[in-house]
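Down below is the structure, laid out as structure tokens.
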Amino acid sequence: MKYGKLTALSALLTATLVVTGCGSADGTGTESGSADAADAAAVREGETGGACELLTAADLVEVEAKDTYGKGYHTELFLDDQACWFKPYGGQSWLELRVTSDGRPGSTQFDELREEASDHKPLSGVGDGAISDTSQEMETIVVFYKGDKVGKITRNYMGGAPDAQKREADIVLTADLAKRVIARL
């Protein structure tokens, strides 16, 4: 029970830090605009490992053709459950990558997550299996697995729910990011 409370507290604290912008270069919750290109080019040096080694701000910049993401903020939530959060410069939304392996086959873990998603669609060409989920108004999610590892990339929209066309475009971009993560698992 102690570990469950510690995990929940750690996740809450990390999410709070990301949402409030702690770790920003100027203390305002945004990164310095003049350092965008330099940060994107050298982002691995600023990340703290784990899930941030599987997906980087440089990947986000390259896939999305925008130089907007700062370094990732990593935490190991519990055993082999890791997360990395990315916040756009000046933005209110964020992107989260979670990767886990609980010792069971990835397909079993994936099937459980798929059952939880009420509005999921299969995605082809992403790992051993993948779905997108747009059931939550303020999130677009891609869940995938490769071997015994399961990943979930969530785009959180804090500035308001995007239209259907934007969400479909975000699914394509997020699936491309998932392919990068899978290549590094």
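For the atom pair CZ (Arg114) and CD (Glu116), the distance works out to 12.0 Å, reported to the nearest 0.5 Å. Between the OG atom in Ser107 and the NZ atom in Lys146 there is a gap of 13.0 Å [rounded to 0.5 Å].
Between Asp163 and Lys166 no salt bridge is recorded (no basic side-chain N to carboxylate O distance below 4.0 Å). In this structure, Asp59 pairs ionically with Arg184, as a charged nitrogen and a carboxylate oxygen lie closer than 4.0 Å. Under 4.0 Å is where a charged nitrogen must lie from a carboxylate oxygen, and between Glu53 and Arg180 no such pair does. Ion pairing between a basic and an acidic side chain is recognised when a charged N comes within 4.0 Å of a carboxylate O; Arg98 and Asp81 show such pairing.
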Any chance you could lay out the side-chain hydrogen bond (donor to acceptor under 3.5 Å, both in side chains) test for Asp148 and Ser101, step after step, and finish with the verdict? CA-CA 6 Å; Asp148 67 340; Ser101 177; 3.3 Å; yes
Step by step, work out the side-chain contact (heavy atoms from CB on, under 4.5 Å) result for Thr100 and Lys149. CA-CA 6 Å; Thr100 189; Lys149 302 275 187 190; over 6 Å; no
Check the pair Leu113, Ile131 against side-chain contact (heavy atoms from CB on, under 4.5 Å), reporting the backbone distance first and the verdict last. CA-CA 10 Å; Leu113 291 170; Ile131 60 165; 6.0 Å; no
Begin from the C-alpha positions of Leu97 and Lys152 and carry the test side-chain contact (heavy atoms from CB on, under 4.5 Å) through to its verdict. CA-CA 6 Å; Leu97 165 67; Lys152 179 177 170 183; over 6 Å; no
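A donor-acceptor contact shorter than 3.5 Å links the side chain of Arg167 to the backbone of Glu137. Between the side chain of Asp133 and the main chain of Ala117, no donor-acceptor pair closer than 3.5 Å is present. No donor-acceptor distance shorter than 3.5 angstrom exists from the side chain of Glu139 to the backbone of Tyr157, with no hydrogens or angles considered. Counting only distance, with no hydrogens or angles, the side chain of Thr174 and the backbone of Asp170 share a donor-acceptor pair below 3.5 Å.
The minimum heavy-atom distance between Gly106 and Val150, with the atom names listed, is O-CG2, 3.7 Å. The two residues Ala175 and Leu123 make their nearest non-hydrogen contact at CB-CD1, 4.3 Å. Annotation for Glu96 and Ala83: closest pair OE2-CB, 4.3 Å, computed over non-hydrogen atoms. Scanning both residues, Val63 and Leu173, for their nearest heavy atoms gives O-CD2, 3.5 Å. Across every non-hydrogen atom of Gly147 and Asp128, the tightest pair is N-OD2, 2.8 Å.
In terms of hydrophobic clustering, with Ile, Leu, Val, Met, Phe, Trp and Tyr side chains grouped at heavy-atom distances under 4.5 Å, Ile153 and Phe86 are assigned to a common cluster. Under the 4.5 Å side-chain contact rule for hydrophobic residues, Leu54 and Leu177 share a cluster. Under the 4.5 Å side-chain heavy-atom criterion for grouping Ile, Leu, Val, Met, Phe, Trp and Tyr, Val142 is connected to Ile182 within one hydrophobic cluster. By the criterion of side-chain heavy atoms lying less than 4.5 angstrom apart, applied directly or through intervening Ile, Leu, Val, Met, Phe, Trp or Tyr residues, Leu60 is grouped together with Val126 in one hydrophobic cluster.
Side-chain contact between Val99 and Leu55 is absent, with no heavy-atom pair separated by less than 4.5 Å. Two residues are said to be in side-chain contact when any heavy atoms from C-beta on lie closer than 4.5 Å; Gln109 and Tyr145 fail this criterion. No side-chain heavy atom of Thr154 sits under 4.5 Å from any side-chain heavy atom of Trp94. Residues Leu95 and Trp85 have side chains not in contact (no heavy-atom distance under 4.5 Å, counting atoms from C-beta outward).
Within 6.0 Å of the CD atom in Glu64, the count of heavy atoms belonging to other residues, nucleotides or ligands exceeds 12.
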